[in-house]
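Each remark here refers to the structure printed beneath this line.
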Amino acid sequence: MAIKKDTLCYEAGINAITHIINLRKKKNKDQFDRLDEDKNVPFVVPVVTWDSVTQTGSLNNDHWAFNVGYGFREALDLIFMERVRNKQKVYRWSQGPIIAFKEGDLIRSKDNKRSVQVRFANPMGWDADKNEMYYGSVTYFESNSLETKILSQIDFLNLLITGKEPSECI
């Protein structure tokens, strides 16, 4: 298979994850900073919304190759949490760095020509002894190739966004 070298694969959202990780390394902090929606920083998804009339949520990620819906907020480390702004308690969406797809997750592509199902998974996490990120792993079955494959959590997320495996990216 020929690899296109002009194909960029990582979008700003994944860079949000690496930004949070790099901040922790740089500042030598005990825990991760979270990115809040009102701070004008990119999340993995463009924006998280909830329609109170239809009672449906959206990650507004229609441009992704796979249907990663509102139910995957936890896997993407998106949390609706209490914050204090101008001495007032408010709730805001917050992005963390721990991508954690898990066993049983079944995700279909937008064109319905392929699907991936997670067989085994280890979440991302911080290795305090090494002062570096452990990128976890996802062992998954892909329907169009009938193969079981293994990627890091972040590379699996990239597959869901772009539809491409790391070997197809520059």
Side-chain angles (χ1 to χ4, degrees), residues 7-21 23 31-125 135-145 149 151-165 168-169:
T7 305
L8 295 176
C9 290
Y10 286 90
E11 66 174 355
I14 289 179
N15 287 339
I17 302 299
T18 56
H19 173 73
I20 296 169
I21 294 166
L23 273 179
Q31 59 188 14
F32 291 105
D33 289 333
R34 296 188 66 86
L35 303 178
D36 294 341
E37 67 179 319
D38 60 347
K39 299 292 183 181
N40 297 318
V41 291
F43 281 10
V44 168
V45 296
V47 65
V48 183
T49 55
W50 177 258
D51 184 328
S52 59
V53 175
T54 62
Q55 296 289 294
T56 56
S58 176
L59 299 180
N60 297 285
N61 56 347
D62 294 335
H63 62 291
W64 285 21
F66 282 79
N67 290 309
V68 180
Y70 191 76
F72 285 96
R73 298 179 317 278
E74 184 179 335
L76 298 173
D77 202 358
L78 292 165
I79 300 173
F80 196 59
M81 59 192 313
E82 185 178 283
R83 295 298 203 194
V84 176
R85 301 290 188 263
N86 300 320
K87 299 180 183 177
Q88 299 287 326
K89 289 182 182 180
V90 295
Y91 284 87
R92 299 283 183 260
W93 283 103
S94 180
Q95 174 74 64
I98 308 296
I99 304 302
F101 290 95
K102 57 188 178 224
E103 183 178 337
D105 287 345
L106 173 64
I107 308 164
R108 289 186 174 81
S109 63
K110 295 277 169 107
D111 63 9
N112 287 316
K113 291 184 178 176
R114 64 195 272 216
S115 63
V116 293
Q117 182 163 24
V118 178
R119 296 283 174 97
F120 309 102
N122 294 310
M124 292 172 63
Y135 287 91
S137 66
V138 176
T139 301
Y140 66 99
F141 175 79
E142 185 162 354
S143 64
N144 70 338
S145 66
K149 301 177 182 182
L151 292 174
S152 70
Q153 288 276 352
I154 202 111
D155 285 338
F156 185 72
L157 174 59
N158 182 62
L159 169 70
L160 300 176
I161 293 170
T162 67
K164 296 175 181 13
E165 293 185 22
E168 300 174 90
C169 303

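What you see is a predicted model, and the numbers here were worked out from it, not measured in a lab. Positions are given from 1 along the sequence.
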Distance in Å, [X] [atom1] paired with [Y] [atom2], rounded so as to fall on 0.5 Å steps:
{"X": "L151", "Y": "T139", "atom1": "CG", "atom2": "OG1", "result": "9.0 Å"}
{"X": "L35", "Y": "L78", "atom1": "CG", "atom2": "CG", "result": "10.5 Å"}
{"X": "Q95", "Y": "D77", "atom1": "CD", "atom2": "CG", "result": "6.5 Å"}
{"X": "N60", "Y": "T49", "atom1": "CG", "atom2": "OG1", "result": "4.0 Å"}
{"X": "N122", "Y": "Q153", "atom1": "CG", "atom2": "CD", "result": "8.0 Å"}
{"X": "I99", "Y": "N158", "atom1": "CD1", "atom2": "CG", "result": "11.5 Å"}

For the residue pair [X] and [Y], what are the closest heavy atoms and their distance?
{"X": "Q55", "Y": "W50", "answer": "O-CH2, 3.2 Å"}
{"X": "A65", "Y": "G163", "answer": "CB-N, 3.4 Å"}
{"X": "S143", "Y": "S115", "answer": "OG-N, 2.8 Å"}
{"X": "G125", "Y": "I98", "answer": "CA-CD1, 4.1 Å"}

Original post:
Considering residues, nucleotides and ligands other than F80, do more than 12 of their heavy atoms fall under 6.0 Å from its CZ?
Top reply: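 Yes, CZ of F80 has more than 12 neighbouring heavy atoms, counting only those of other groups under 6.0 Å.
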
Please check this pair: side chain of [X] against backbone of [Y], looking for a donor-acceptor N/O pair closer than 3.5 Å.
{"X": "N61", "Y": "W64", "answer": "no"}
{"X": "K102", "Y": "A75", "answer": "no"}
{"X": "R34", "Y": "S94", "answer": "yes"}
{"X": "E103", "Y": "A121", "answer": "no"}
{"X": "N144", "Y": "R114", "answer": "no"}

Run the side-chain donor-acceptor check on residues 67-74: report pairs under 3.5 Å with partners two or more places apart or on a different chain.
unit_1	atom_1	unit_2	atom_2	d
N67	ND2	R108	O	3.4
N67	ND2	S109	O	3.4
R73	NH1	Y70	O	2.8

**OP:** List the steps and the verdict of side-chain contact (heavy atoms from CB on, under 4.5 Å) for F101 and I107.
**Re:** CA-CA 11 Å; F101 290 95; I107 308 164; 4.2 Å; yes

Subject >> Residue pair L59 / L76, side-chain heavy-atom distance below 4.5 Å >> reply: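 Result yes, sub-4.5 Å side-chain heavy-atom pair found.
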
Subject >> Residues R85, D36; criterion side-chain contact (heavy atoms from CB on, under 4.5 Å); working and verdict >> reply: CA-CA 11 Å; R85 301 290 188 263; D36 294 341; 2.8 Å; yes

